[in-house]
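Numbering of ligands and ligand atoms starts at 1, following listing order. The shown structure was predicted, so the numbers you read here are calculated from the model rather than taken from an experiment. Side chains included, hydrogens not; waters and symmetry mates left out as well; all remaining heavy atoms used.
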Amino acid sequence: MAPDEGFETRAIHAGQAADPTTGAVVPPIYQVSTYLQDAVGEARGGHDYSRTVNPTRTALEECLAALEGATHGFAFASGMAASDTVMRALCRPGGHVVIPDDAYGGTFRLVDKVLGPWGLEHTAVALQDLEAVARAIAPGRTTLVWVETPTNPMLRIADITEISRLAHDAGALLVVDNTFATPYLQQPLALGADVVVHSTTKYLGGHSDVVGGAAVTSDDAVATRLAMHQNSMGAIPGPFDAWLVLRGIRTLAVRMERHCDNAEALVELLVDHPAVTEVNYPGLAAHPGHEVAARQMRRFGGMVSFRVDGGRAAAVDVCNRARLFTLGESLGGVESLIEHPGEMTHQSVAGSPLEVPDDLVRLSVGIESVDDLRADLLQSLSRD
Ligand SMILES: Cc1ncc(COP(=O)(O)O)c(C=O)c1O
């Protein structure tokens with residue numbers, strides 16, 4: 001696959017040549033754990049055991065790398081498995097990481113509750129404040145700066161280029177969780193990141209039918225460590241799950257355009273609604289990160305969060321009244337979801353500096369008919 005081919009072409013063809021045995025146009029699901037070896041030490045194409053290598057997973061890994069403009073891709077059993085493997089591969093006990101002060105709750109829990117006792121220290125910082133980021137990085141001790149942009153659920157924007165400079169000047173690596181933006185909307189490696197991670201459960205899978213994760217890089221030394229840790233820790237996706245993510249990826253570009261169209265239409269509705277006190281969407285000119293987002297993103301994505309007048313009870317009421325929007329966690333599927341982060345996705349950060357406002361509602365805007373989404377949101381917000 002030529003690296004200069006368009007995004008949509010790579011999504012459909014990278015890693016996905018027709019099967020050499022049968023000509024099947026879609027990579028087969030190699031539901032297998034072990035392989036015939038032609039002689040001792042002669043595994044065909046290196047295929048010895050499926051934790052180490054599986055052709056369906058390889059197809060996905062090559063496609064993931066091609067989408068992010070990377071030379072190496074690694075698929076995992078979940079986004080958290082990808083994050084955990086990246087952190088353990090690149091950090092050591094006694095080290096230090098910088099994380100966003102509104103990181104995905106699971107990322108915070110991993111760093112705080114799992115890797116903390118392992119010996120990794122962390123500082124949570126507002127990534128939109130570059131001076132605070134610079135202060136949080138401890139040269140010689142900070143091994144990773146972890147960026148999420150846009151963040152979950154506040155949709156804050158971090159300047160990937162500037163933070164990569166700060167990290168590299170201090171000898172640290174920059175990891176970007178690109179789950180919300182997807183490689184269609186944002187290409188962190190081209191902006192200076194060293195590693196990109198994904199929850200492929202979300203937009204890449206795109207159909208709320210699979211849990212998966214990914215990490216990609218163009219740094220050979222980092223890739224060697226990731227490969228070793230992926231094989232040693234074994235948090236790999238099964239062949240069917242790898243196949244499902246790959247199937248989702250083929251339509252990523254067209255889905256993302258529609259997610260963005262629908263989100264923009266609903267943001268317009270929310271901004272003017274009397275029950276809404278604040279709308280978080282980087283596409284809004286008034287959003288504090290708008291200029292940076294416009295520079296580093298193609299469009300502004302399908303995630304929206306907003307605060308409602310009336311506190312927690314009013315926010316919970318909006319969520320409970322939704323009909324077409326499904327009340328549920330996760331995001332990035334074709335169907336629209338609504339949730340109350342304080343009591344659902346972000347319960348794990350309650351009482352921490354990462355706590356989210358309790359009058360906040362988060363939408364994952366799907367690709368249904370926009371008029372139906374508008375009507376449902378209006379009836380959810382009405383207090384009759
Ligand atoms: C930004 C972000 N990163 C990582 C994850 C974790 O992914 P997974 O649920 O696939 O483990 C999530 C899950 O919601 C997420 O939103």
Side-chain angles (χ1 to χ4, degrees), residues 60 64 68 74-88 97 99-115 124 127 144-158 160 175-183 185-186 188 193 195-216 230 233-238 241-242 244-245 248-249 256 259 280 282 297 301-305 326 328-333 335 337-349 354 356 360 362-365:
L60 171 61
L64 287 164
E68 290 282 5
F74 302 91
F76 294 91
S78 68
M80 291 319 303
S83 300
D84 185 34
T85 306
V86 167
M87 297 243 195
R88 286 186 211 238
V97 294
I99 60 168
D101 71 352
D102 62 345
Y104 166 61
T107 304
F108 173 69
R109 185 174 51 203
L110 172 71
V111 168
D112 189 44
K113 301 277 189 303
V114 178
L115 298 173
L127 293 183
L144 278 190
V145 178
W146 191 275
V147 164
E148 242 183 80
T149 182
T151 58
N152 176 10
M154 299 305 289
L155 282 306
R156 295 196 181 112
I157 297 295
I160 297 173
V175 180
V176 174
D177 181 337
N178 206 24
T179 298
F180 267 39
T182 82
L185 298 179
Q186 179 169 276
V195 180
V196 171
V197 298
H198 280 282
S199 166
T200 57
T201 315
K202 311 295 169 6
Y203 289 105
L204 296 183
H207 296 77
S208 305
D209 53 12
V210 63
V211 172
V216 304
Q230 182 195 43
M233 292 161 71
I236 47 143
D241 285 0
L244 277 173
V245 174
I249 283 175
M256 289 315 294
H259 282 295
N280 303 314
M297 297 177 76
M303 297 302 296
V304 180
S305 67
T326 302
E329 305 198 357
S330 198
L331 60 111
E335 64 289 302
L337 300 175
I338 191 165
E339 66 125 357
H340 183 253
E343 282 173 62
M344 294 172 67
T345 48
H346 287 66
Q347 219 177 14
S348 59
V349 295
L354 285 78
V356 295
L360 189 76
R362 190 189 78 177
L363 303 179
S364 170
V365 180

### Query
Against heavy atoms of Gly212, which atoms of ligand 1 measure under 4.0 Å?
10 (O)
### Task
Among all protein heavy atoms, pick out the one at the shortest distance from atom 4 (C) of ligand 1; state its residue, atom name and that distance to 0.1 Å.
Asp177 OD2, 3.5 Å
### Query
Would you call Ser330 a ligand 1 contact, heavy-atom distance under 4.0 Å?
no
### Task
Using atom types as modelled and distance alone, determine if a side-chain donor or acceptor of Gln230 lies under 3.5 Å from a backbone N or O of Ile236.
no
### Query
Can you find an N/O atom of Leu331 closer than 3.5 Å to an N/O atom of ligand 1?
no
### Message
For the backbone of Gly212 and the side chain of Ser78, can you confirm whether one donor and one acceptor N or O come within less than 3.5 Å of each other?
### Response
no
### Query
Hey, is Lys202 touching ligand 1 through its side chain, its backbone, both or neither, going by heavy atoms under 4.0 Å?
side chain
### Task
If you have a sec, work out which protein heavy atom is nearest atom 16 (O) of ligand 1 and how many Å separate them, to one decimal?
Asn152 ND2, 3.1 Å
### Query
If only atom types and distance count, is the side chain of His346 paired as donor or acceptor with the main-chain N or O of Asn152 below 3.5 Å?
yes
### Message
Can you report which non-hydrogen protein atom sits closest to atom 11 (O) of ligand 1, along with the distance?
### Response
Met80 N, 2.9 Å
### Query
Is the backbone of Tyr104 close enough, under 3.5 Å, to the side chain of Glu148 for a donor and an acceptor to pair up by distance?
yes
### Message
Which residue is it: Thr182, Asn178, Leu185, Thr179? I am looking for the one with a side chain to side chain contact (heavy atoms under 4.5 Å, CB included) to Tyr203.
### Response
Thr182
## Note on the structure
So the atoms of ligand 1 within less than 4.0 Å of a heavy atom of Ser78 turn out to be 10 (O), 11 (O)
### Message
Keeping Gln186 on the side-chain end and Thr149 on the backbone end, is there a donor-acceptor pair under 3.5 Å?
### Response
yes
